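What follows is a short report on a single structure.
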Amino acid sequence: MSKPLTIAMPKGRIYEEAAELMKRAGYELEADMDESRKLILEFPEQNIRVMMAKPMDVVTYVEYGAADIGIAGKDVLLEQDRDVYEVLDLKISPCYVAVAGLPDQPLSRIAPKIATKYPKVASDYFREQGEQIEIIPLNGSIELAPLIGLADRIVDIVSTGRTLKENGLVEYEKITDITSRLIVNPVSYRLKSTEIEEMVSKLSEVMEGER
Ligand SMILES: Nc1ncnc2c1ncn2[C@@H]1O[C@H](COP(=O)(O)OP(=O)(O)OP(=O)(O)O)[C@@H](O)[C@H]1O
Ligand SMILES: O=P(O)(O)OC[C@H]1O[C@H](OP(=O)(O)OP(=O)(O)O)[C@H](O)[C@@H]1O
């Protein structure tokens, strides 16, 4: 049998939707996330190996060929700009990236401070707007930054809008819509084209059927 197709799956909030979509496409790759701490799961009957990765790291595994394919949020792809093929919009885990802050606070001062875990996305956006900014890099709880005066604005993911609302923040501009994407290592795309194209076509069929 040929070498297994290795898939880097994102742990966390994307995982269940991604595994469910894979299942509908005929790939039973589910891990019991409540029970298991295993990071590599073998599915020999399907000739597939699954790596459980942090969502931000999926692109790294795929770029270096540690995984042939992976599932990553478009936010991560925009931020990291890596050498991988983005082959399919899976339309799962929808959310968007937005600029938010305290209400009624015009961006008046020179080089306002922008707190974010997406420094590239934020810099690209404000450069396009012709605004000079200072990035304050954070890893989470970004909404804290304007509340305590650390930043004038945040650039962060919004889904239900609940986090902004409960912290008295408002959205100023939407930057871009986000969904999860299927990504492929360029070399694997050539060497394992049959398996990869089959997976892309099965996933596309499932998604077509749901429209
Ligand atoms: N409300 C949301 N907040 C953050 N990410 C979301 C949201 N809804 C969908 N996503 C998608 O989920 C991905 C992040 O998943 P998750 O929150 O599990 O990872 P993480 O941010 O690395 O987790 P952690 O909070 O453990 O560091 C994002 O890349 C994005 O594409
Ligand atoms: O619009 P909502 O539905 O409220 O979702 C948006 C929030 O969810 C994410 O945070 P996460 O839960 O990943 O925690 P974090 O702050 O530690 O990144 C994101 O960074 C926002 O804070």
Side-chain angles (χ1 to χ4, degrees), residues 7-22 29-34 36-39 41 50-63 66-67 69-82 84 86-103 113-125 135-148 150-184 203 207:
I7 308 177
M9 288 286 272
K11 292 200 282 189
R13 55 180 16 119
I14 303 179
Y15 178 79
E16 260 181 47
E17 261 190 286
E20 176 61 31
L21 180 63
M22 282 287 188
L29 308 176
E30 254 163 306
D32 187 346
M33 298 287 277
D34 298 330
S36 175
R37 297 279 305 155
K38 277 189 89 157
L39 298 175
L41 307 163
V50 169
M51 292 170 32
M52 304 296 288
K54 283 287 280 181
M56 281 275 190
D57 294 337
V58 164
V59 199
T60 306
Y61 291 112
V62 175
E63 182 181 39
I69 65 179
I71 293 178
K74 182 70 182 175
D75 49 323
V76 176
L77 298 172
L78 288 171
E79 185 61 31
Q80 300 195 6
D81 192 20
R82 300 292 196 82
V84 296
E86 184 187 318
V87 293
L88 193 61
D89 180 353
L90 299 170
K91 311 236 167 88
I92 56 172
S93 296
C95 53
Y96 58 97
V97 181
V99 182
L102 289 166
K113 293 192 170 93
I114 314 293
T116 187
K117 68 170 167 186
Y118 299 100
K120 179 176 183 300
V121 172
S123 305
D124 289 351
Y125 175 75
I135 295 283
I136 310 281
L138 293 176
N139 288 311
S141 301
I142 315 295
E143 290 81 0
L144 265 178
L147 298 180
I148 51 149
L150 176 64
D152 303 288
R153 291 278 192 272
I154 60 169
V155 166
D156 198 19
I157 297 272
V158 181
S159 172
T160 61
R162 195 175 147 202
T163 310
L164 290 181
K165 195 159 176 243
E166 289 195 12
N167 290 290
L169 300 175
V170 294
E171 192 181 309
Y172 281 95
E173 295 111 29
K174 182 191 222 179
I175 298 184
T176 184
D177 283 310
I178 302 293
T179 46
S180 299
R181 313 296 163 105
L182 190 72
I183 57 171
V184 181
L203 286 166
M207 287 160 54

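Atoms within a ligand are numbered from 1 in the order they appear, just like the ligands themselves. In what follows, residues are counted from 1 in the order of the sequence shown. Note that the coordinates shown come from a computational prediction; the quantities given were computed from them, not determined experimentally.
- Contacts classified as salt bridge (charged side-chain N to carboxylate O under 4.0 Å, His left out) and involving residues 153-165 (residues at least two apart or in different chains) are given here: R162-E166.
- The CD1 atom of I92 sits 8.5 Å away from the OG1 atom of T179 when rounded to the nearest 0.5 Å.
- The closest donor-acceptor contact from the side chain of D152 to the backbone of K113 lies under 3.5 Å.
- Remark: K74 engages E86 in a salt bridge, criterion side-chain N to carboxylate O under 4.0 Å.
- One distance of note links CD1 of I178 with CG of D89; it measures 10.5 Å at 0.5 Å rounding.
- For the atom pair CG (L21) and CD (E17), the distance works out to 8.5 Å, reported to the nearest 0.5 Å.
- Applying the side chain to side chain contact (heavy atoms under 4.5 Å, CB included) criterion to A53, with sequence neighbours excluded, gives V58, Y61.
- The contact shell of ligand 1, taken as protein residues with any non-hydrogen atom closer than 4.0 angstrom, comprises K11, G12, R13, I14, K54, P55, G73, D75, V76, S93, C95, K117, I157, S159, I178.
- Under 4.0 Å from any atom of ligand 2, one finds heavy atoms of residues R13, K117, G140, S141, E143, D156, I157, V158, S159, T160, G161, R162, T163.
- To the nearest 0.5 Å, atoms CD1 (I142) and CG (L150) are separated by 10.0 Å.
- Expressed to the nearest 0.5 Å, how far CD of Q80 lies from CE of M56 amounts to 6.5 Å.
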